[in-house]
Undergrad: 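So that we are looking at the same thing, I have put the structure below in structure tokens.
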Amino acid sequence: MLKLGVLISGRGSNLQSLIDATQHPNFPAEIVTVISNRPDAQGLERAEKANIPAHAIDHKAFEDRETFEDAVHKILEAAGVELLCNAGFMRILTDGFVKKWHDKQINIHPSLLPAFGGIHVHERVLEAGARVSGCTVHYVRNDVDTGPIIGQAAVPVLPDDTFDSLSARVLEQEYKLYPLCVRLIAENKIRIVNERVVYADDAEFNGSLFAG
Ligand code: GRF
């Protein structure tokens, strides 16, 4: 069982999808700790409900990013975390922290990277008139929303879409994609070669999902 730590900042619906996946008896990973930088994050309640140790580490209580991250890192180490999953975690991480978790930290982002990295993603997709959007699970590197892509799910952008309708369509795919990517890692079915993800021949998931 690969030991997962999950970093959140809010609602935690992707955390919930990981909790649900890990509750299946044949899922090769378990969540050993959840950390939120916001004490009021709804995701903390989801973790508690699932009997997963949940920690609120309020970044505002620390004098700088490094001391906040040290506190986070200590908890992750104590819990024996092997793969760190960012799920709606809204703090920028320092290079030092990213380095400590190099190739052991992944993120889910609600666009088809490298398009539309950053924030206000769905608004920008709609503004640009893009016809396809989706979500990406990728390894974390120093620059935000970069790093080797593990998997992507594509969805259509419909003419009458609003933020709510597009984000709901993308989220539905996020809930499928994140557990699939975690499974690939836990089953040792992928490698990073020259900063690209390479799949084993017998990988059950080839990294791409198409909806609609
Ligand atoms: C998701 O859209 C995720 O892709 C992005 O932030 C959102 C988090 O939602 N990084 P939730 O907290 O998982 O419900």
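No hydrogens, no waters, no symmetry mates; every other heavy atom, side chains included, goes into these values. Just follow the structure's listing: the first ligand is 1, and inside any ligand the first atom is 1.
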Undergrad: Should E69 and R91 count as an ion pair when the cut-off is N to O under 4.0 Å?
TA: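 Here E69 does not pair with R91 in a salt bridge, since their nearest N and O are not under 4.0 Å apart.
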Undergrad: Should we count CG of N26 as having more than 12 external heavy atoms under 6.0 Å?
TA: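 It does: N26 CG has more than 12 such atoms within range.
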Undergrad: Which atoms from ligand 1 have a heavy atom of P110 less than 4.0 Å away?
TA: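 Within the 4.0 Å cut-off of P110, ligand 1 contributes 2 (O), 4 (O), 5 (C).
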Undergrad: Quick one: nearest non-hydrogen protein atom to atom 9 (O) of ligand 1, plus distance?
TA: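 For atom 9 (O) of ligand 1, the nearest protein heavy atom comes out as R11 NH2, 3.1 Å.
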Undergrad: Tell me which protein heavy atom sits closest to atom 11 (P) of ligand 1, plus the residue, atom name and distance to 0.1 Å.
TA: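 Checking every protein heavy atom, the shortest distance to atom 11 (P) of ligand 1 gives S13 N, 3.4 Å.
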Undergrad: Angle between ring planes, F68 versus F89, binned at 30° and 60°: parallel, tilted or perpendicular?
TA: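 Plane angle under 30°, so parallel.
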Undergrad: Looking only at protein heavy atoms, which one is nearest to atom 13 (O) of ligand 1, and how far off is it?
TA: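 Going by distance alone, atom 13 (O) of ligand 1 is nearest to N14 N, 2.8 Å.
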Undergrad: Can you tell if the side chain of V170 reaches within under 4.5 Å of the side chain of V121, non-hydrogen atoms only?
TA: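 No, their side chains stay 4.5 Å or more apart.
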Undergrad: Check ligand 1 against E174 and write out every atom of the ligand that is under 4.0 Å from a heavy-atom position of the residue.
TA: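 So the answer, numbered in order with elements, is 1 (C), 2 (O), 3 (C), 4 (O).
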Undergrad: Could you check whether any heavy atom of G12 sits closer than 4.0 Å to an atom of ligand 1, since that is the contact criterion I want to use?
TA: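 Heavy atoms of G12 do come under 4.0 Å of ligand 1.
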Undergrad: Between V182 and Y178, does the side chain to side chain contact (heavy atoms under 4.5 Å, CB included) criterion hold? Intermediate values first, please.
TA: CA-CA 6 Å; V182 168; Y178 215 175; 4.2 Å; yes
Undergrad: Closer than 3.5 angstrom, by distance alone: can the side chain of R65 be matched with the main-chain N or O of I92 as a donor-acceptor pair?
TA: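 The answer is yes, because a donor-acceptor pair under 3.5 Å joins these two groups.
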Undergrad: When you measure from atom 10 (N) of ligand 1 to every protein heavy atom, which one gives the shortest distance, and what is it?
TA: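 Going atom by atom, the protein heavy atom closest to atom 10 (N) of ligand 1 ends up being I108 O, 3.0 Å.
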Undergrad: Can you list the atoms of ligand 1 that are under 4.0 Å from a heavy atom of G88?
TA: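 Matching atoms, with element in brackets: 6 (O), 8 (C), 10 (N).
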